[in-house]
Amino acid sequence: MVDGMPEWMKRYFSKPRLKPYLRAAGGDPRAAMRLYRWNVEASAALYAPLQCVELAVRNALHDCLVTKYGRPDWWEVAPLDRGGHDVVVAARKKCEDKERKRAQEQKRRKRPVTVDDVVTELTFGFWTTLLVSRYDRVFWVPTLHKAFPHVGRRDGLYDDLWAVVRLRNRVMHHEPIHGEGLAADHARIYRVLDALDPDLSKEVRAMDQFPSVLARKEDALE
């Protein structure tokens, strides 16, 4: 039940979506509304560090693989498993569909899909999967360890990255994050960035507003 919450909120945000907030607020509708607003603030504050870590990981891994295989479309010759291959095929098709639609809307000739288009379309989960244990001798040992010169163990890095991917997906899909271990996952973002480049990590921290938002969470429930 979401009784006591405004009709506009129940109508436009949906009752099933609001129920977790009401449960977390102990049934207090006003506290649930404050928690919902806090969840929006927290998601917004996490956007910057999540964007930076996703872009940095993607580009670092891509650069290593381009160097190893000697071509920008390294996925054409790299020994990806069936799942990885299917993700690449789906990304390329999505790029082609987008370009076809743009060409029709702008009444121009369709341009060829580029490597950069495909790289951008590949998901954060795809890039993280390249660090899975089954790829250890295929990708990590010969090349991908070079993307993370400050890391200790691959498995710890992999665990951190998957936690960041899960958080990223919840934020980008507007899901509740108030019940997550946000402090721990926020720390994981910086362990990954530190593994890439401590200077990069320092610059991202300088613009990160999430710690101050996290400190206000309890106020939302009072």
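Glu105 is linked by a side-chain hydrogen bond (donor to acceptor under 3.5 Å, both in side chains) to nothing, counting only residues two or more places apart in sequence or in another chain. Every residue meeting the salt bridge (Lys or Arg N to Asp or Glu O under 4.0 Å) condition with Lys93, not counting sequence neighbours, appears here in chain and number order: Asp97. In terms of the side-chain hydrogen bond (donor to acceptor under 3.5 Å, both in side chains) criterion, residue partners of Arg82 (sequence neighbours excluded) are, by chain and number, Asp86. Residues satisfying the side chain to side chain contact (heavy atoms under 4.5 Å, CB included) criterion with Glu41, sequence neighbours excluded, are Val213, Arg216. Take Asp116 and apply the side chain to side chain contact (heavy atoms under 4.5 Å, CB included) test, not counting sequence neighbours, and it matches Thr114. Residues forming a side chain to side chain contact (heavy atoms under 4.5 Å, CB included) with Arg134 (at least two apart in sequence, or on another chain): Asp81, Thr129, Val132. Residues forming a side-chain hydrogen bond (donor to acceptor under 3.5 Å, both in side chains) with Ser201 (at least two apart in sequence, or on another chain): Asp194. Applying the salt bridge (Lys or Arg N to Asp or Glu O under 4.0 Å) criterion to Arg111, with sequence neighbours excluded, gives Glu99, Asp117. Shown here are the side chain to side chain contact (heavy atoms under 4.5 Å, CB included) partners of Arg11, two or more places apart in sequence or in another chain: there are none.
Pairs engaging residues 136-156 under the ring-ring contact (aromatic ring centres under 6.0 Å, His included) rule: Tyr135-Phe139 [sequence neighbours left out].
Within a 6.0 Å radius of CZ in Arg30, no more than 12 heavy atoms belonging to other residues, nucleotides or ligands are found.
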Cut-off 3.5 Å, no hydrogens considered: what does the side-chain donor-acceptor table look like for residues 48-60, sequence neighbours left out?
{"from": "Glu54", "atom 1": "OE1", "to": "Arg168", "atom 2": "NE", "distance (Å)": "3.0"}
{"from": "Asn59", "atom 1": "ND2", "to": "Leu55", "atom 2": "O", "distance (Å)": "3.2"}

Taking distance alone, no hydrogens or angles, what donor-acceptor pairs closer than 3.5 Å link side-chain atoms of residues 67-76 to residues at least two apart or in another chain?
{"from": "Thr67", "atom 1": "OG1", "to": "Asp63", "atom 2": "O", "distance (Å)": "3.0"}
{"from": "Arg71", "atom 1": "NE", "to": "Asp73", "atom 2": "OD1", "distance (Å)": "2.8"}
{"from": "Arg71", "atom 1": "NH2", "to": "Asp73", "atom 2": "OD1", "distance (Å)": "3.4"}
{"from": "Arg71", "atom 1": "NH2", "to": "Asp73", "atom 2": "OD2", "distance (Å)": "3.0"}
{"from": "Trp74", "atom 1": "NE1", "to": "His62", "atom 2": "ND1", "distance (Å)": "3.0"}

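Remark: side-chain polar atoms of Asp185 are not paired, donor with acceptor, to backbone N or O of Val164 under 3.5 angstrom.
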